[in-house]
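Numbers here are sequence positions counted from 1. Side chains included, hydrogens not; waters and symmetry mates left out as well; all remaining heavy atoms used.
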Amino acid sequence: MGDDFGHLERLVSELDARGLLARVVRSQSGRLFVRVINPHATSLTESVTVRPTAVPDVPDWWFCWSWGERMHKADDPAGAATKVARVLAAVGE
């Protein structure tokens with residue numbers, strides 16, 4: 001499992017602090033991700049994964065959007081949570 005669970009748990013804490021509902025979930029294939037929901041607009045959701053960089057010998061981990069694009073370095077869960085909160089903000093929030 002590596003560092004992925006710890007990174008995801010830290011992201012959950014940051015998302016919770018921003019008023020979003022978040023929890024670590026394991027998919028049927030065993031992959032871990034964070035399921036995020038805006039409680040004020042429950043149709044606004046996102047699934048965030050974390051993965052190591054593809055470069056050998058570089059220990060960096062990245063949070064990634066549900067479509068696979070890198071979002072933010074995993075050593076800054078607060079910065080990643082801010083991006084997710086911005087994307088999931090309802091009109092007028």
Side-chain angles (χ1 to χ4, degrees):
M1 181 161 33
D3 270 352
D4 51 350
F5 186 77
H7 288 305
L8 294 173
E9 280 289 296
R10 287 186 287 279
L11 179 60
V12 165
S13 293
E14 293 291 342
L15 292 165
D16 286 346
R18 287 161 177 76
L20 296 169
L21 301 176
R23 66 185 174 112
V24 177
V25 177
R26 184 180 301 277
S27 69
Q28 288 183 337
S29 68
R31 183 169 184 114
L32 293 171
F33 64 95
V34 171
R35 183 76 172 147
V36 190
I37 300 170
N38 180 333
H40 304 293
T42 56
S43 63
L44 297 175
T45 67
E46 180 57 41
S47 298
V48 178
T49 60
V50 66
R51 61 180 183 218
T53 189
V55 180
D57 301 322
V58 178
D60 290 340
W61 286 72
W62 289 82
F63 291 116
C64 299
W65 296 108
S66 56
W67 57 90
E69 181 182 337
R70 283 184 185 176
M71 176 213 321
H72 204 84
K73 287 187 74 163
D75 63 359
D76 179 20
T82 297
K83 288 181 180 178
V84 173
R86 194 175 314 134
V87 168
L88 296 185
V91 174
E93 271 192 313

Thr42: what forms a side chain to side chain donor-acceptor pair (under 3.5 Å) with it, not counting sequence neighbours?
none
Look up atom CZ in Arg23 and atom CG in Leu15, then write down how far apart they are to the nearest 0.5 Å.
13.5 Å
Residues joined to Phe33 in its hydrophobic cluster, side chain to side chain under 4.5 Å directly or through other members, sorted by chain and number, are Val25
Contact summary for Val50 and Ala74, nearest pair of heavy atoms:
CG2-CB, 3.9 Å
Enumerate, atom names and distances included, each donor-acceptor pair closer than 3.5 Å involving a side-chain atom of residues 81-88, sequence neighbours excluded.
{"unit_1": "Thr82", "atom_1": "OG1", "unit_2": "Arg18", "atom_2": "NE", "d": "3.4"}
{"unit_1": "Thr82", "atom_1": "OG1", "unit_2": "Arg18", "atom_2": "NH2", "d": "3.2"}
{"unit_1": "Thr82", "atom_1": "OG1", "unit_2": "Ala78", "atom_2": "O", "d": "3.0"}
{"unit_1": "Lys83", "atom_1": "NZ", "unit_2": "Met71", "atom_2": "O", "d": "2.9"}
{"unit_1": "Lys83", "atom_1": "NZ", "unit_2": "His72", "atom_2": "ND1", "d": "3.0"}

Between Ala90 and Ala41, which heavy-atom pair has the shortest distance, and what is it?
CB-CB, 3.9 Å
Answer whether the closest heavy-atom distance between the side chains of Thr45 and Val36 falls below 4.5 Å.
no
Counterpart residues, side chain to side chain donor-acceptor pair (under 3.5 Å), relative to Gln28 (two or more places apart)
none
Side chain to side chain donor-acceptor pair (under 3.5 Å) partners for Ser66, two or more places apart
Glu46
Over all heavy atoms of both residues, which pair between Cys64 and Arg70 is shortest? Give the atoms and the distance, please.
SG-CA, 4.1 Å
Are Trp62 and Thr49 packed together at the side-chain level, in the sense that at least one heavy-atom pair is separated by less than 4.5 angstrom?
no
Is Ile37 linked to Leu32 within one hydrophobic cluster, defined over Ile, Leu, Val, Met, Phe, Trp and Tyr using a side-chain heavy-atom separation of less than 4.5 Å?
no
Could you pull out the closest heavy-atom pair between Ala80 and Phe63, with the gap in Å?
CB-CD1, 3.5 Å
Of all residues at least two apart in sequence or in a different chain, which pass the side chain to side chain donor-acceptor pair (under 3.5 Å) check with Ser47?
Arg35
